[in-house]
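What you see below is based on every heavy atom in this structure, not just the backbone, and it leaves out hydrogens, waters and symmetry mates. Lettering follows sequence order; numbering is per chain, from 1.
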Amino acid sequence: MTDASVDPVAAVTPDEVAEALARLRATTPLVQSLTNIVVAQWTANVLLAAGAAPAMVDNPHEAEAFARVAGGVLVNTGTPYDDTTAAMRAAVTGAQAAGTPWVLDPVAAGGLAWRTGVAVSLMDLHAPTIVRGNASEIAGLLGGLGGRGVDSADSPEEVLDRARELATSRRTVVAVSGAVDHLTDGERLVRVHNGDPVMTKVTGVGCALGALMAGFAAVCDDALLAATSATGLLTVAAERAARAARGPGSFAVALLDELSLVTPDELASGLVLS
Amino acid sequence: MTDASVDPVAAVTPDEVAEALARLRATTPLVQSLTNIVVAQWTANVLLAAGAAPAMVDNPHEAEAFARVAGGVLVNTGTPYDDTTAAMRAAVTGAQAAGTPWVLDPVAAGGLAWRTGVAVSLMDLHAPTIVRGNASEIAGLLGGLGGRGVDSADSPEEVLDRARELATSRRTVVAVSGAVDHLTDGERLVRVHNGDPVMTKVTGVGCALGALMAGFAAVCDDALLAATSATGLLTVAAERAARAARGPGSFAVALLDELSLVTPDELASGLVLS
Amino acid sequence: MTDASVDPVAAVTPDEVAEALARLRATTPLVQSLTNIVVAQWTANVLLAAGAAPAMVDNPHEAEAFARVAGGVLVNTGTPYDDTTAAMRAAVTGAQAAGTPWVLDPVAAGGLAWRTGVAVSLMDLHAPTIVRGNASEIAGLLGGLGGRGVDSADSPEEVLDRARELATSRRTVVAVSGAVDHLTDGERLVRVHNGDPVMTKVTGVGCALGALMAGFAAVCDDALLAATSATGLLTVAAERAARAARGPGSFAVALLDELSLVTPDELASGLVLS
């Protein structure tokens with residue numbers, strides 16, 4: 001894995017992202033979200049605003065069957081309980097059986113032992129299409145560094161080698177969120193330079209990003225394109241929302257508006273990739 | 001059940017709806033909501049804005065006793081778990097014992113097997129005062145058609161015969177949400193022509209409607225009037241909110257404002273029933 | 001406990017509150033919140049807006065270990081289940097072991113038997129740093145008066161003697177929310193005269209206050225100062241938010257904005273204590 005193998009310009013282009021958004025809105029993929037009690041409403045609203053269809057099926061009785069018909073599955077370990085983690089295993093099993101793409105958002109991995117084990121065991125069950133987290137969570141999945149709950153003590157740049165290692169060993173795309181998002185499939189690397197600091201002042205922005213990735217994975221064969229499209233849509237919409245916002249409350253409201261208003265062309269022209 | 005038996009003008013009038021809203025605000029009924037993790041906050045805020053008092057008592061230890069003192073009970077199967085479904089059974093038992101009206105919102109019935117069984121078993125335990133759902137959910141309760149999660153693949157018009165059948169066989173009011181809401185007690189039919197398409201871009205608008213019905217059922221002896229009043233209040237407020245909204249985020253905020261601002265007179269004059 | 005022992009001016013000053021807010025923002029304490037499904041998102045957003053870092057770790061596997069590293073712990077009994085109440089006991093045990101301050105918000109205590117027992121058993125396990133509730137909840141913890149869910153049928157003034165009794169017997173600070181908030185450690189009394197009636201039209205404003213108290217307890221040795229600072233920040237921000245709000249929806253959005261915008265100086269000058 002040398003720098004020579006990385007060609008960021010070729011990896012994903014803004015036009016490909018714009019086309020992915022158009023496909024998302026044309027097909028309204030069903031995104032099964034097994035997420036946490038903090039962000040469930042917000043996640044559903046982000047998916048609806050962007051153009052996808054949320055379905056929060058997170059009980060052990062129904063999660064497997066639903067994952068077979070969903071367009072994409074999100075598993076987020078923000079507030080795991082015994083019954084919802086059983087549902088997560090069922091959903092991943094269903095996703096594997098039907099070839100449904102699934103996204104792992106290992107909230108607080110590394111910082112909390114039990115859920116780290118849950119997240120790793122889900123990856124062992126069936127490789128996720130995309131793993132999305134902040135730097136300390138990605139490092140935490142590999143057993144290194146400590147976390148501070150959902151905060152990220154490290155930067156994406158610092159854990160890039162580990163992200164590549166995780167992507168290669170698990171045959172997945174790893175998306176590390178931060179001031180500059182770093183996304184890699186082990187070979188290729190995409191950096192997304194959009195976004196605004198106020199995104200860290202609203203709970204669940206990262207969690208919603210994971211859900212958007214599951215939505216885009218339903219309409220993109222290339223998981224790196226799916227992860228980049230979700231990141232691009234969210235961060236470009238966030239920049240637009242931040243302009244008119246007075247604080248985190250009005251920002252969150254405007255972000256939902258902008259996710260529904262931004263056109264594929266506007267997304268392509270606003271996106272800064274490297 | 002012939003068309004001759006339907007007299008929509010006589011069934012419910014805008015003035016009766018206005019009076020029901022005035023009663024709701026004067027008495028602030030306590031609405032016990034056993035709902036899902038996605039919409040719990042939103043549901044409570046809708047009830048507060050409209051003038052009711054939410055109480056989210058959804059554990060098996062307390063649900064029965066609370067249903068005996070509540071003004072109305074909502075049971076929503078959006079994210080059912082083993083313990084919360086036990087609480088639902090307890091709440092319905094308490095509602096039956098005390099004569100408390102209760103509303104069933106069978107989210108994703110028909111599309112998902114386990115929860116469909118939960119919803120049917122609750123109806124078997126004690127007939128709901130009102131059943132509220134979209135077209136595919138109502139059809140799903142009768143064992144027909146399939147659903148796509150919370151989406152509705154059918155229109156209220158298409159399932160009207162089934163809605164009447166359900167209302168008659170269960171001795172309940174069935175409220176089918178859609179572009180034109182159809183509400184029936186098996187004999188009478190009310191169509192509510194208000195609303196705005198952006199309502200489908202915010203999660204939990206339908207769920208909140210079920211909660212409002214439980215609130216109005218606490219202050220209306222006629223369940224069809226209760227269901228119509230809730231539908232009228234929500235859809236008229238939504239029309240007002242949609243006028244100033246840029247997208248789904250600002251719409252949801254404005255909807256809470258309008259639910260608290262709309263007067264009984266404004267409701268009566270804005271409402272279009274047939 | 002005579003009136004002569006109460007010196008409200010000396011108890012807490014606006015300048016001390018301003019300094020506490022500056023410390024909170026400088027140190028961003030980690031607040032472990034074991035709260036309810038209704039207000040989890042709102043609580044996290046209030047903490048973020050104010051300057052703290054929320055972590056909703058509420059499962060039995062991780063709650064104890066996390067309470068040992070958190071800056072403060074909130075336990076809120078709004079929607080208790082068997083597994084989350086087990087987590088509450090674990091968190092309190094961890095808080096005791098590590099000396100982490102913890103806040104009890106006994107939602108609906110007195111009105112509902114099971115959760116009242118849960119709340120009392122948590123106090124028995126380890127005295128909370130602060131108990132926050134409305135008047136009927138505080139009375140309910142002592143076995144008196146009845147409640148009506150989360151509504152408060154009594155005023156803080158009416159239960160002041162009971163609040164002092166609870167504070168003295170449990171060696172805690174008791175914060176009674178109402179039109180005028182009353183806070184006491186059994187000896188000292190602080191009254192906070194800020195706020196706006198619209199605060200009662202948004203769910204979870206009181207619950208968020210409990211979370212803010214846990215945040216301030218992490219940066220204040222004096223629990224009465226912590227409770228006063230949280231109450232002052234929330235109510236002063238609420239006054240500012242209410243000015244521009246059309247209704248409860250826009251108020252809630254503006255409240256998050258104002259929590260992030262209000263400076264320590266503005267807080268000190270707006271605060272009315274007695």
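- Among A:A252, A:P80, A:G249, A:A113, the residue making the largest number of heavy-atom pairs under 4.5 Å with chain C is A:G249.
- Residue contact with chain A, scored on non-hydrogen atoms closer than 4.5 Å, involves the backbone and the side chain of C:A49 alike.
- With a 6.0 Å radius and a threshold of 12 heavy atoms from other residues, nucleotides or ligands, C:D221 has its CG atom at or below the threshold.
- Taking CG of A:N36 as the start and CG of C:N59 as the end, the distance is 11.5 Å to the nearest 0.5 Å.
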Would you please test C:Q41 and A:T43 for side-chain contact (heavy atoms from CB on, under 4.5 Å) and show each step? CA-CA 11 Å; C:Q41 180 194 5; A:T43 300; over 6 Å; no
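- Contacts of C:D58 with chain A are made by both backbone and side-chain atoms, with heavy-atom separations under 4.5 Å.
- Using a 4.5 Å cut-off between non-hydrogen atoms, the part of residues 200-209 of chain A that approaches chain C consists of A:T200, A:K201, A:V202, A:T203.
- Residues C:D83 and A:D82 have side chains not in contact (no heavy-atom distance under 4.5 Å, counting atoms from C-beta outward).
- For C:E258, the part lying under 4.5 angstrom from a heavy atom of chain A is the side chain only.
- With chain C as partner, the option from A:S250, A:A245, A:A40, A:G78 having the largest number of non-hydrogen pairs under 4.5 angstrom is A:S250.
- A:Y81 places a side-chain heavy atom less than 4.5 Å from the side chain of C:T84.
- In terms of heavy atoms, A:V38 sits closest to C:M56 at CG2-CG, 3.2 Å.
- Between A:T116 and C:E62, every side-chain heavy-atom pair lies at or beyond the 4.5 Å cut-off.
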